[in-house]
Amino acid sequence: MQKKDLIEEGIKRGLIAFDENKEFITYLYQNKKRKYTNPEEQVQALSFLKLILHYNYPVEHIKQFEQVKMGSATKEADIIVFSDKELQSPYIIVECKKKDVSDLEFKSAVEQAFSYAISELASFVWVTSGLKDEYFEVPKEKPRQRASIPDIPLYQSKEILEYKFVAGGERGDKKFFDLERIKQDELTQVFKQAHNALWGGGELNPSTAFDELDKLIFCKIWDEKNTDEGEPYKFQIYTRKVNGQQLTDEQINKELLERINELYQKGREKDPEVFKEGIRLNATKVRAVVGYLEKINLSETDLDSKGRAFETFMGSFFRGDFGQYFTPRQIVKFIVDVLPITNESLVLDTSCGSGGFLLHALDKVRKLADEKYKNRNTEDKIIKHHKFWHDFAENNLYGIEINEQIARVAKMNMIIHDDGHTNVIAWDGLAPIAKVEINPQESQETKNLKERLNKLSIEEQNEHFKPNHFDFIITNPPFGSSIKQTEKAYLHQYNFGMKESTWLDLKPYRKERENQSTEVLFIEQAYKFLKEKGILAIVIPDGILTNSSLQYVRDQIEELYRIIAVISMPQIAFSHTGAGVKSSILFLQKYPLSQTQNIKNLKEKLQHKIKKSQKYEEELANFEKQKAQEIKALNAQYPSKEDKNTQSYKGQKEAIASKYKDLVLSFQNRLIESYQEYKTKVFEDKGLDYDIFMAIAEDIGYDATGKEHENNELIAIAEELKAFIERLG
């Protein structure tokens, strides 16, 4: 029973009541009114209701906010459960703390509750924050060392069971508890508190703690999926008696660690790609995390809730140094919404970060499944509904992420959303895709180079990453970094990795660039991955669209792709992730090879025609001749070597060179203008001109700090662009 259900049932049974604004709660049997807006009071109310509705204790056996004598001092116990209705024999002491209590404060609460129990001669202690519970039996004889137990006994049952949670809630004739589904905000808190329990105090750095928490979440999900009805879950705290004595905490923790490691190893046998190293936590740290996660059913918690919880937790953790790996949800949703992705589409993100694009694509297909199987009133329809979207997740979603830690996060994100993780790889998204054949007749140097490239190939990591394979690539590649030829042996394999002569250069040349920006290379890599007519949606810095030095990039995009749309983002789009570069979203559709070649041929013919009509080479020769004549005349004025060393001579010579440089540049610009003018006409005549969807988004649903608000122009733009893409067919 979830929090909301407990409250509603408590009201229905006359156990509690609220004022109109829900600021105060009244515990009706004792007629005690308390401030419900106090976070600790909310935990208190739920604990009170659980004692009655879950553990079946009569309300007449419970007293709240009870005075307890501690020597000469008087303290207040949150809840005391008595074994008799006369309230003479204290049985359970309950201590409640707010949800975000630190582990240190929680331990202090345990000490406090235990001292109350000893003073009152109670048998059991329950300490709870709502997110975390710990239970203890209080020995009757000294020394009264705390003994952890899985749960307090049910009413009229003094039996301490070995464990609390069983799949289905029953085992034989005994009643246990099954796991519970919780909502997004509470699950986010659970993740945060569990993470804090690992790195708090500085024993682990936050990044290592995040990795280790990922492993334990992996174990938790594996345990849920592989525990049969009526069987106890392994991912929980067990206890038992040996020679009449309860296990010590040290023994409990040791056995728990053994069970967790067993789950981890079994999970890794099926999914060796997820984690490559063992759990690096000691038994005490594992116990701390299990305490937060053991009662939650992650498998059955609503996909949206647990997905958003994990993303919110990740966002808060990675927002600093790792902010570049997270594309704002509004942008991701916009891109995925406008694309005609179906359950049969093959979808790739070449720099997937935490998997945001992949998860939104999965969510889109899940909604298609919901629409297709609206009335899931038979087992057959339920199976078909699940297969519709789950097969897509498992077989059609692919991601590449160069950072191994972030790749693991993406895998876990997919696992939490019910699979698809096996097709997320930790690899360089710009590495060669397919292996190349090595000819025995080739030189040893060529063979060595090909062997090195083959070891780098993405296909080497996962055979499903093939050229000309994907229907959609949706990505936000890293901006501002460069690939250097001296660092990456594959750069020369990119056309954008080579520097080529332009149509106005008299001497053709092609040579390797020293470096190239990653965002430019990702555009070409996407072309290699896409099928003909496949669509690329990519976030790019505006410099690709505007810088004159990148005209060659725009020229090649024009030859490789049909430009569908350019959506300009506001300056603040990525400010909260630490990136202030003005950006746009580019939608491109891959041309068939024949179309690309046709465009190239047309452009080359037109360029040749213009150069010929304008007598380009002759004019350049004339400029050179005139420049030589002027320099010759200048030399005559300054005949000696000493004359030529004067500033006057050097200045005049430089002015002549600058003059003819400007004349050549002006002449070339006239040719370029003519070329653009004629190209537009020729493309129209040949049916190669087309409409491009253009839009400027000023407000996209959040401000420069990342704080969300309701005004989001991308929603309206998405509707228009979606219709535009549908008309393209």
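Side chains included, hydrogens not; waters and symmetry mates left out as well; all remaining heavy atoms used.
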Can you confirm whether I538 sits close enough to I523 that some side-chain heavy atom of one is under 4.5 Å from a side-chain heavy atom of the other?
yes

So which heavy atom on C219 is nearest to which on I279, and how close?
SG-CD1, 4.2 Å

With distance as the sole test, does D223 use its side chain to make a donor-acceptor pair with the main-chain N or O of F235 at under 3.5 Å?
yes

Within a strict 4.5 Å, meaning less than it, do heavy atoms of the F334 and I585 side chains meet?
yes

Backbone N or O of T342 within a donor-acceptor pair of the K364 side chain at under 3.5 Å?
no

Using only atom types and a distance under 3.5 Å, with no angle test, would you say the side chain of E105 pairs donor to acceptor with the backbone of S102?
yes

Would you call K215 and E212 a salt bridge, using N to O less than 4.0 angstrom?
yes

Determine whether a donor-acceptor pair (N or O, by modelled atom type, separation under 3.5 Å) exists between the side chain of R408 and the backbone of D211.
no

Spacing of S47 atom OG and D133 atom CG [to the nearest 0.5 Å]
7.5 Å

Just wondering, do K295 and I182 contact through their side chains at under 4.5 Å, heavy atoms?
no

D337 with K722: basic N within carboxylate O range, under 4.0 Å
no

Taking NZ, NE, NH1 and NH2 as the nitrogens, is one of them in K367 or D363 under 4.0 Å from a carboxylate oxygen of the other?
yes

First locate atom CZ of F210, then atom CG of L198, and finally report the distance between them rounded to the nearest 0.5 Å.
11.5 Å

Hey, could you give me the CG/OG distance between N515 and S482, rounded to the nearest 0.5 Å?
4.5 Å

Reported CG-to-CG distance for the pair N395 and N423, which is rounded to 0.5 angstrom
7.0 Å

Keeping K220 on the side-chain end and L293 on the backbone end, is there a donor-acceptor pair under 3.5 Å?
yes

Taking it one step at a time, do Q551 and S548 satisfy side-chain hydrogen bond (donor to acceptor under 3.5 Å, both in side chains)?
CA-CA 5 Å; Q551 181 62 48; S548 59; over 6 Å; no

How many angstroms lie between CG in L339 and CD1 in I473, if you round to the nearest 0.5 Å?
11.5 Å

Is any side-chain heavy atom of T208 closer than 4.5 Å to a side-chain heavy atom of R280?
yes

Which pair of non-hydrogen atoms, one from T475 and one from S351, has the smallest distance, and what is that distance?
OG1-OG, 2.8 Å

Compute both the distance and the angle, then confirm whether K192 meets the cation-pi test with Y292: under 6.0 Å from the six-membered ring centre, within 45 degrees of the axis.
no

Considering all heavy atoms, the nearest A361-V347 contact:
CB-CG1, 4.5 Å

Do F48 and I16 have side-chain heavy atoms sitting under 4.5 Å apart?
yes

Which word best sums up how the rings of H386 and H390 line up, parallel for under 30°, tilted for 30 to 60°, or perpendicular for over 60°?
parallel

Please report the interatomic distance OG(S345) to CZ(F472), rounded to the nearest 0.5 Å.
4.5 Å

Is it true that atom CG of N38 has more than 12 heavy atoms of other residues, nucleotides or ligands lying nearer than 6.0 Å?
yes

Given the ring of Y552, does R513 sit roughly above its face, with NZ or CZ under 6.0 Å from the centre of the six-membered ring and within 45° of the axis?
yes

Ion pair present between K132 and E134, side-chain N to carboxylate O less than 4.0 angstrom?
yes

Is the F24 to Y36 ring centre distance short of 6.0 Å?
no

Ion pair check, D428 and K488, cut-off under 4.0 Å:
yes

Taking the side chain as everything from C-beta on, heavy atoms only, tell me whether Y561 gets closer than 4.5 Å to L530.
yes

Side chain of E401, backbone of A410: donor and acceptor closer than 3.5 Å?
no

Neighbour count above 12 (heavy atom, 6.0 Å) for L728 CG:
yes

Distance-minimising heavy-atom pair for L49 and G10
CD2-CA, 3.8 Å

Do the side chain of Q589 and the main chain of I535 share a donor and acceptor less than 3.5 angstrom apart?
no

Is any side-chain heavy atom of F574 closer than 4.5 Å to a side-chain heavy atom of V539?
yes

How about CD on E277, more than 12 heavy atoms from neighbouring residues, nucleotides or ligands closer than 6.0 Å, or not?
yes

Y527 six-ring centre to K590 NZ/CZ under 6.0 Å and within 45° of normal:
yes

Judged by atom type as modelled, is there a donor-acceptor pair below 3.5 Å linking the side chain of N547 to the main-chain atoms of S549?
no

Where is the tightest heavy-atom contact between L491 and K484, given as atom of each residue plus distance?
CD2-C, 4.0 Å

Any sub-3.5 Å donor-acceptor pair from Q525's side-chain atoms to A431's backbone N or O?
yes

In this structure, are over 12 heavy atoms from other groups packed under 6.0 Å from K98 atom NZ?
no

In terms of the angle between their ring planes, are F275 and F218 parallel, tilted or perpendicular, with boundaries placed at 30° and 60°?
perpendicular

Taking the side chain as C-beta and beyond, is there a heavy-atom pair between F465 and L348 under 4.5 Å?
yes

Does any N or O in the side chain of Q193 come within less than 3.5 Å of the main-chain N or O of T188, such that one atom is a donor and the other an acceptor?
no

